[in-house]
Amino acid sequence: MDQGVPALFQTPVRFSFWFPVSFQFRRSGADGMHHCLDQEKSAPARNIHCFLHEYFPEASEEDTQAYPENDILLCHSGYHMTDLYDEQSHYLRIAQLFPDHPLTILPQTIHYQDNSHAQATADVLNAHPDCTLLCRDEYSYEVARGLFNKCRLFLYPDIVTSLIGNIKLPEYPRKGVLFCMRNDKEAFHQPEAIEQLRRKLEEFITTEQTDTTVDIPPDEVIADRKRILHSTFDYFSRFQAVVTDRYHGTIFSLIGNTPVVVLNSSDHKLASGVKWFPESFSGHVYFAETLDQVPGYVQHIVDQPPKEPLPPYFSTEYYDHLLEKLHFPHT
């Protein structure tokens with residue numbers, strides 16, 4: 001669901017970019033698209049796997065030398081520099097196959113449970129002569145400084161924050177609290193504890209529950225990405241407050257100008273992620289270290305007058321300047 005930076009495609013350079021559900025590129029003004037719907041792999045892995053399979057089925061370093069020298073490789077942002085999932089193995093293969101092309105890995109959360117996995121990743125990326133890694137929180141940046149000493153490193157916010165203050169949504173009468181909770185291996189709070197919290201809140205306000213993962217076939221997402229995303233932002237904008245343990249749940253709330261109570265998680269991702277929000281966001285973002293703090297925060301939020309729209313802070317401060325920082329050729 002992460003959106004990329006449209007400006008990256010308004011240049012004569014071709015970018016090979018892996019979105020969650022599609023491989024897209026532009027070359028000398030001519031558009032092209034390659035879609036991959038391998039259901040056995042997660043979204044970013046599907047696209048890299050299919051790209052390699054279609055264009056370099058028996059690829060070795062020698063076989064990829066003919067790939068146009070000005071091409072720039074971009075890897076999808078997210079929580080992929082980790083041994084919790086397998087996406088990074090595909091990124092590492094890209095790094096090994098294309099040593100002569102600039103490789104940029106967009107903002108990542110970095111966390112390894114096994115030091116040997118971390119070192120194996122570092123060995124591959126450090127061997128690439130032109131690898132840039134963007135880290136989306138301070139903890140990840142410090143980990144990267146220790147591991148990826150041959151890569152260019154930037155501390156940069158999540159790419160979806162660039163939409164905050166830039167999406168115009170209808171104004172609705174707001175009602176209730178939306179719980180946006182994950183149900184995967186990163187979940188920290190037990191479902192029973194969340195249900196008990198909802199019952200406590202329902203003593204004074206209505207609640208609903210959802211997740212940022214949508215159960216929509218990938219081909220439908222590809223065909224109708226903008227509408228699906230705007231529908232999600234629209235949904236988040238209809239509530240008085242959001243309670244979430246998802247970082248993108250936090251960002252979607254802010255895109256919808258909805259105050260959000262961010263729950264602590266099993267790792268550093270949320271505690272570090274909320275540090276990006278400046279003082280002007282303080283009335284919109286509340287970090288709850290324990291579930292016991294949530295009712296008080298929600299009561300405080302609903303007692304306040306409607307919020308003024310948030311500024312496009314992350315686009316003006318960060319993403320409007322990304323190309324300049326990356327020093328891409330011919331941009």
>> Less than 4.5 Å apart, side chain to side chain, heavy atoms only: is that true for Ile110 and Tyr141?
In response: no

>> Can you confirm whether Cys180 sits close enough to Val260 that some side-chain heavy atom of one is under 4.5 Å from a side-chain heavy atom of the other?
In response: no

> So if you build clusters from Ile, Leu, Val, Met, Phe, Trp, Tyr with side-chain heavy-atom gaps below 4.5 Å, do Phe233 and Phe277 land together?
Replying inline: yes

> Is there a path of hydrophobic side-chain contacts, each under 4.5 Å between heavy atoms of I, L, V, M, F, W or Y residues, that connects Leu270 with Ile159?
Replying inline: yes

> Should Tyr112 and Met81 be marked as a side chain to side chain contact (heavy atoms under 4.5 Å, CB included) after you check the CA-CA gap, both sets of side-chain angles, and the distance that decides it?
Replying inline: CA-CA 8 Å; Tyr112 293 95; Met81 305 299 292; 3.8 Å; yes

> When rounded to the nearest 0.5 angstrom, what distance separates CG in Leu103 from SG in Cys151?
Replying inline: 8.5 Å

> Any side-chain heavy atom of Ile255 sitting closer than 4.5 Å to one from Ile251?
Replying inline: yes

> Any link between Ile301 and Val274 through a network of hydrophobic side chains (Ile, Leu, Val, Met, Phe, Trp, Tyr) touching at under 4.5 Å?
Replying inline: no

> How long is the gap from OG1 on Thr210 to CZ on Phe236, to the nearest 0.5 Å?
Replying inline: 6.0 Å

>> Please check this pair: side chain of Asp234 against backbone of His230, looking for a donor-acceptor N/O pair closer than 3.5 Å.
In response: no

> What's the shortest heavy-atom distance between Gly78 and Gln108, and which atoms?
Replying inline: O-OE1, 2.9 Å

> Has the side chain of Glu203 got a donor or acceptor atom that lies under 3.5 Å from a matching backbone atom of Arg199?
Replying inline: no

>> Would Leu263 and His189 count as a side chain to side chain contact (heavy atoms under 4.5 Å, CB included) here? Give the steps.
In response: CA-CA 9 Å; Leu263 303 181; His189 301 284; 3.8 Å; yes

>> Nearest 0.5 angstrom please: His80 NE2 to Ser89 OG, how far?
In response: 11.5 Å

> Taking the side chain from Tyr319 and the backbone from Phe314, do they hold a donor-acceptor pair closer than 3.5 Å?
Replying inline: no

> Does any non-hydrogen side-chain atom of Tyr156 lie less than 4.5 Å from one of Leu106?
Replying inline: no

>> For a 4.5 angstrom cut-off between non-hydrogen side-chain atoms, does Leu178 reach Thr207?
In response: no

> Of the non-hydrogen atoms in Asn257 and His284, which two are nearest, and what is the gap between them?
Replying inline: OD1-NE2, 2.9 Å

> Does Leu134 reach the side chain of Leu322, with side-chain heavy atoms less than 4.5 Å apart?
Replying inline: yes

> So is Arg238 actually on top of Tyr172's ring, under 6.0 Å and inside 45° of the axis?
Replying inline: yes

> Using the benzene-type ring in the case of Trp, are the ring centres of Tyr313 and Trp276 under 6.0 Å apart?
Replying inline: no

> So, the side chain of Glu324 versus the backbone of His321: is there a donor-acceptor pair under 3.5 Å, distance only?
Replying inline: no

>> Evaluate Glu208 against Val177 for side chain to side chain contact (heavy atoms under 4.5 Å, CB included), listing each step before the verdict.
In response: CA-CA 6 Å; Glu208 292 184 25; Val177 176; over 6 Å; no

>> Quick check on Lys175: does its NZ atom have over 12 non-hydrogen neighbours (other residues, nucleotides or ligands) under 6.0 Å away?
In response: no

>> Tell me whether Val261 shares a hydrophobic cluster with Phe287, the cluster being built from Ile, Leu, Val, Met, Phe, Trp, Tyr side chains joined at under 4.5 Å.
In response: no

> According to the interplanar angle, ranging from 0 to 90°, do the rings of His111 and Tyr79 count as parallel (below 30°), tilted (30 to 60°) or perpendicular (above 60°)?
Replying inline: tilted

>> Working note: Phe252 + Tyr235, criterion ring pair (Phe, Tyr, Trp, His ring centres under 6.0 Å); need CA distance, chi angles, decisive distance, verdict.
In response: CA-CA 9 Å; Phe252 288 1; Tyr235 179 56; over 10 Å; no

> So, the side chain of Ser282 versus the backbone of Pro278: is there a donor-acceptor pair under 3.5 Å, distance only?
Replying inline: no

> At what distance, to the nearest 0.5 angstrom, does CG of Leu125 lie from NZ of Lys150?
Replying inline: 13.5 Å

> Between His128 and Pro99, what is the shortest heavy-atom contact and its length?
Replying inline: NE2-CA, 3.7 Å

> Among Asn166, Asp320, Thr161, whose side-chain contact (heavy atoms from CB on, under 4.5 Å) with Pro312 holds?
Replying inline: Asn166

>> Counting only heavy atoms not in Gln196 (residues, nucleotides, ligands), do more than 12 fall under 6.0 Å from its CD?
In response: no

>> How close do Phe154 and Leu326 get, counting heavy atoms only, and between which atoms?
In response: CE1-CD2, 4.2 Å

> Using 4.0 Å as the upper bound for N to carboxylate O, is an ion pair formed by Asp211 and Arg182?
Replying inline: no

> Is there side-chain contact between Thr104 and Leu73, with heavy atoms separated by less than 4.5 Å?
Replying inline: no

> Closest approach of Asp83 and His117, non-hydrogen atoms and distance?
Replying inline: OD2-ND1, 3.0 Å

>> Other residues, nucleotides and ligands only: do more than 12 of their heavy atoms fall within 6.0 Å of CG on Asp303?
In response: yes

> Do Ile205 and Met181 belong to the same hydrophobic cluster, where Ile, Leu, Val, Met, Phe, Trp and Tyr are linked whenever their side-chain heavy atoms lie under 4.5 Å apart, directly or via other members?
Replying inline: yes

>> Could you tell me if the side chain of Arg145 sits less than 4.5 Å from the side chain of Leu153, heavy atoms only?
In response: yes

> Can you name the nearest heavy-atom pair linking Ser253 to Gly249, along with the distance?
Replying inline: OG-O, 2.7 Å

>> Heavy-atom count check: over 12 atoms from other residues, nucleotides or ligands less than 6.0 Å from Glu138 CD?
In response: no

